[in-house]
Visitor: 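Below is one structure. I have some questions about it.
Throughout, protein chains are lettered first and strands after them, A, B, ... in sequence-line order, and every chain is numbered starting at 1. Excluded from the calculations below are hydrogen atoms, water molecules and symmetry mates; all remaining heavy atoms, backbone and side chain alike, are included.
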There are 4 protein chains.
Amino acid sequence: MGTAPAPDSPPTGKQPRTERGRRTLRRLLDAAAEEFGEKGFHEGSISGITQRAGVALGSFYTYFDSKDAIFRELVHDLSARVGSEARSALSGDLRPLEAEQAALTAFLTFARDHKEIYRIIDEAEFVDPASFRQHYETTAARIHERLRQGAREGELRDDLTEAHAWAIMGMNVFLGLKYAVLSDDKPVEDIAAIANSILQHGIGKTGTE
Amino acid sequence: MGTAPAPDSPPTGKQPRTERGRRTLRRLLDAAAEEFGEKGFHEGSISGITQRAGVALGSFYTYFDSKDAIFRELVHDLSARVGSEARSALSGDLRPLEAEQAALTAFLTFARDHKEIYRIIDEAEFVDPASFRQHYETTAARIHERLRQGAREGELRDDLTEAHAWAIMGMNVFLGLKYAVLSDDKPVEDIAAIANSILQHGIGKTGTE
Amino acid sequence: MGTAPAPDSPPTGKQPRTERGRRTLRRLLDAAAEEFGEKGFHEGSISGITQRAGVALGSFYTYFDSKDAIFRELVHDLSARVGSEARSALSGDLRPLEAEQAALTAFLTFARDHKEIYRIIDEAEFVDPASFRQHYETTAARIHERLRQGAREGELRDDLTEAHAWAIMGMNVFLGLKYAVLSDDKPVEDIAAIANSILQHGIGKTGTE
Amino acid sequence: MGTAPAPDSPPTGKQPRTERGRRTLRRLLDAAAEEFGEKGFHEGSISGITQRAGVALGSFYTYFDSKDAIFRELVHDLSARVGSEARSALSGDLRPLEAEQAALTAFLTFARDHKEIYRIIDEAEFVDPASFRQHYETTAARIHERLRQGAREGELRDDLTEAHAWAIMGMNVFLGLKYAVLSDDKPVEDIAAIANSILQHGIGKTGTE
DNA sequence: AATGAATGAGACTTCATTCAT
DNA sequence: CATGAATGAAGTCTCATTCAT
């Protein structure tokens with residue numbers, strides 16, 4: 001991943017020793033994703049999580065130190081999954097603009113299945129600003145790296161900066177907000193094509209095609 | 001601004017009948033912007049607001065029915081101010097792409113002075129989804145209308161859709177997040193120029209200028 | 001009224017000096033009867049009273065020292081009105097049992113028009129125990145005196161005690177509760193006749209008639 | 001007791017699952033009876049209850065959803081206990097008027113030990129009208145049934161209606177108020193005898209005995 | 001006298017976290 | 001490991017009462 005920041009060490013939850021423990025841990029994480037996705041961090045409650053997970057309230061603390069802790073783990077988890085989703089969409093040998101389009105398509109698809117990601121990452125801004133910041137910095141860095149690669153390949157302008165990466169990320173995030181979260185009736189490919197057309201030749205009239 | 005939706009009537013909090021009352025109300029709103037901006041909706045407290053405002057706890061309820069109520073009023077307020085900021089930046093006679101650039105510049109400037117707007121509008125997504133949605137729908141509609149106007153003037157492509165508007169809005173919002181909120185050391189004009197270059201001819205090599 | 005306890009001095013509300021003041025005072029008392037009748041003492045509020053009365057909140061304290069004060073005045077008022085209601089029903093020259101029946105009829109009629117009296121006097125038990133006690137002691141004393149008078153006239157047994165008076169009062173109050181407050185579809189005369197038949201000859205079979 | 005309404009299922013508070021839990025629940029109920037008995041529903045406080053019970057404030061909510069909820073449970077409880085008190089006093093084989101006297105004696109005895117029942121049931125009129133109404137309707141229905149039974153046995157008049165039952169209940173309640181709550185120096189038997197003499201042959205002179 | 005803003009104590013309720021079993 | 005009762009700090013909101021105009 002090139003100059004990507006140091007690989008984030010997974011937040012050290014207490015590691016379960018038994019198989020049964022591992023199952024409970026996973027159930028708690030999934031339940032937390034549901035709970036926080038539906039109600040948000042503050043409205044969501046530990047007891048809501050344990051009820052969804054079907055375990056006793058006290059058991060929560062066998063696996064997590066606090067409400068914040070599980071939330072951080074969740075943000076980390078989702079952030080990693082979004083990244084890996086994009087990565088696997090880029091496995092083939094794509095030209096730069098095709099790559100961006102593929103990444104966006106993958107992201108939109110993922111977002112439709114995991115609408116809670118918006119809520120959870122948004123709330124991370126308050127609950128765990130470091131995670132929030134890191135998520136976007138990392139994502140932007142990945143995009144930026146791809147842009148530089150494209151420039152090296154001679155297909156993209158070579159004055160593309162971090163700001164360009166943030167601009168592209170912003171487009172993607174908001175298209176996801178509008179067309180994956182707020183409504184989800186348009187094909188993700190169409191949305192990704194629109195973003196791509198902007199990247200290809202802007203919005204001016206001269207842009208033939 | 002053309003087909004912009006009817007100006008929303010302000011949420012009717014209890015109207016003060018004396019001058020003193022009007023002063024207190026304003027102090028509370030400003031204090032709330034600070035409090036929620038720093039701590040977010042849930043961590044922020046009414047007593048935090050009244051302390052900042054220098055009034056007694058109970059006085060809050062002379063003007064607002066609840067914590068939600070003042071938050072809604074705040075979102076409404078900020079949303080309106082962002083809009084009016086953009087509008088006044090567009091007063092002159094600008095060509096379409098210049099207009100977008102001017103709007104972004106104005107927005108970034110405003111955001112640097114009112115960093116809290118990000119947290120507040122973000123949280124509106126959960127606290128008052130209607131306001132949140134309306135804020136972005138309205139903003140996107142304004143952009144979309146400008147795009148269509150540009151097309152009518154023959155300067156922009158005429159296949160520009162709502163999705164294009166959302167994409168542009170996303171760019172703007174994320175550039176603001178990065179260069180107005182997370183760090184604010186670069187001139188806003190430079191940032192706006194970058195966005196503009198994307199809108200002019202995309203990021204591809206061919207787009208010489 | 002014979003040996004009735006010392007005539008209760010009216011609770012000294014602040015006496016208004018002007019005509020306008022007297023009107024406001026009366027409006028407040030009437031409003032309080034409504035407010036407390038509908039919501040009870042604790043749920044009722046001063047601001048509810050002043051709103052009903054159409055005066056400013058602060059004006060309340062021009063006429064009453066406290067929420068308790070107006071409530072006491074109200075209890076006193078109602079208690080006096082019930083008494084006077086009974087008294088005027090007894091103006092004619094009635095035989096003892098007829099007198100009791102007439103008193104009950106008058107009471108039931110009054111209660112139907114002033115259902116709030118139950119609520120208000122009941123709550124006096126907590127808010128102003130002295131008033132509560134005095135209301136019932138006074139009422140019982142009046143009944144007791146009538147019973148003794150009846151005995152002196154040779155029409156009633158002469159072993160009738162305070163307890164008999166309380167028993168009769170209890171009958172009356174509960175018949176009022178059932179047939180004036182909880183439902184009010186039966187003629188008050190019928191109810192009073194039933195009470196009377198008990199007083200005349202009990203409920204045993206032997207009681208010919 | 002004949003046509004008495006179906007025994008009401010107890011309001012389902014959260015059932016404790018451990019022995020310790022059951023103890024705490026009982027302590028809270030007893031404490032609530034004290035607290036509400038002394039101060040009434042509105043002046044009584046949850047913290048007053050938990051202090052009397054010797055548990056933390058928050059523990060209250062382990063067992064009850066709200067202040068209202070525990071109050072309802074209490075009314076239900078007391079109402080049931082009064083009923084069962086009367087029932088067991090009637091176990092023997094008594095003639096109708098003896099039965100009424102026994103029931104009253106039992107009630108007065110219970111009331112002397114549980115003076116709070118008056119305040120609590122009185123307040124139920126506002127806090128939980130349904131319970132209040134049901135308590136008296138049920139009690140009256142029980143009395144009425146006994147009267148009809150007495151009539152069938154040829155010992156009582158057979159024109160005894162619901163109103164007669166309410167009249168008798170009223171006598172009983174007010175004798176309890178006067179001689180169990182307001183003062184308690186007279187033997188309950190004497191009081192019950194007085195009520196009985198009224199039921200036997202009224203208060204008129206002719207009723208020799 | 002009247003007005004209505006201001007005050008602040010106090011109540012209920014929630015819930016993350018701890019603890020005994 | 002699991003359970004669920006217990007804890008108590010903290011927060012929102014109400015409202016009687018006071019005060020400045």
Visitor: Among residues 38-47 of chain C, which ones have heavy-atom contacts with DNA chain F below 4.0 Å?
Guide: C:G44, C:S45, C:I46
Visitor: Check the pair A:R72 / A:V75 against side-chain contact (heavy atoms from CB on, under 4.5 Å), numbers first and verdict last.
Guide: CA-CA 5 Å; A:R72 262 195 303 279; A:V75 173; 5.8 Å; no
Visitor: Using atom CG of D:D65 as one end and atom C1' of E:dC15 as the other, report the distance to the nearest whole Å.
Guide: 15 Å
Visitor: Looking only at heavy atoms, what is the nearest atom pair of D:I121 and D:F132, with distance?
Guide: O-CD1, 3.3 Å
Visitor: Not counting sequence neighbours, which residues clear side chain to side chain contact (heavy atoms under 4.5 Å, CB included) with B:R119? List them please.
Guide: A:E125, A:F126
Visitor: Are the side chain of A:K39 and the backbone of A:E34 linked by a donor-acceptor contact shorter than 3.5 Å?
Guide: no
Visitor: Is a side-chain N or O of A:Y61 found less than 3.5 angstrom from the main chain of A:S66, in a donor-acceptor match?
Guide: no
Visitor: Please figure out whether B:V55 or C:R20 has its closest DNA chain E nucleotide nearer the 5' end.
Guide: C:R20
Visitor: Within residues 22-37 of chain A, find the residues that approach DNA chain F with a heavy atom at under 4.0 Å, and present them sorted by residue number.
Guide: A:T24
Visitor: N/O contacts under 3.5 Å, protein versus nucleotides 8-10 of chain E?
Guide:
residue	atom	partner	partner atom	Å
E:dG8	N7	B:G58	N	3.2

Visitor: As a test of reading the structure: which of E:dT7, E:dA1, E:dT14 is closest to the side chain of C:Y63, going by heavy atoms?
Guide: E:dA1
Visitor: Tell me the closest heavy-atom pair linking C:K115 and C:V181, and the distance in Å.
Guide: CE-O, 3.9 Å
Visitor: Dot-bracket for DNA chain E: what is it, with Watson-Crick or G-U pairs under 3.5 Å, [ ] where a pair crosses earlier ones, and | for a pair to another strand?
Guide: .||||||||||||||||||||
Visitor: Take B:D68 and D:R17, find for each the nucleotide of DNA chain F with the closest heavy atom, and name the residue whose nucleotide sits nearer the 5' end.
Guide: D:R17
Visitor: Taking it one step at a time, do A:E38 and A:R52 satisfy side-chain contact (heavy atoms from CB on, under 4.5 Å)?
Guide: CA-CA 12 Å; A:E38 273 178 34; A:R52 284 176 204 262; 3.1 Å; yes
Visitor: Locate the shortest heavy-atom distance separating B:G21 from B:P16; write the atom from each residue and the value.
Guide: C-CB, 3.5 Å
Visitor: Is a side-chain donor or acceptor of D:E35 paired with a backbone partner of D:S45 at a separation under 3.5 angstrom?
Guide: yes
Visitor: Do side-chain atoms of D:E123 reach the backbone of D:F41 as a donor and acceptor pair under 3.5 angstrom?
Guide: yes
Visitor: For a quick test of reading the model, state the closest non-hydrogen atom pair linking D:L28 to D:I49 and the distance between them.
Guide: O-CG2, 3.8 Å
Visitor: Which pair of heavy atoms, one from B:I120 and one from B:F71, lies closest together, and at what distance?
Guide: O-CZ, 3.4 Å
Visitor: Whole Å only: how far is the CZ atom of D:F60 from the P atom of E:dT14?
Guide: 11 Å
Visitor: If I take atom CZ in residue A:F71 and atom P in nucleotide E:dA16, what distance separates them, rounded to the nearest angstrom?
Guide: 13 Å
Visitor: Can you give the first and last nucleotides of DNA chain F, 5' to 3', that have an atom under 4.0 Å from a heavy atom of chain B?
Guide: F:dT12 to F:dT14
Visitor: Can a donor-acceptor pair be found between the side chains of C:H76 and C:Q134 at a distance below 3.5 Å?
Guide: no
Visitor: Counting distance only, does the side-chain N/O of C:T50 pair as donor-acceptor with the main-chain N or O of C:I46 below 3.5 Å?
Guide: yes
Visitor: What I'd like to find out is whether the side chain of A:E43 reaches to under 4.5 Å of the side chain of B:H42, using heavy atoms alone.
Guide: yes
Visitor: Measure the distance from NZ on A:K67 to C1' on E:dT14 and round it to the nearest whole Å.
Guide: 11 Å
Visitor: What is the minimum heavy-atom distance between C:H135 and C:S79, and which atoms define it?
Guide: ND1-OG, 2.8 Å
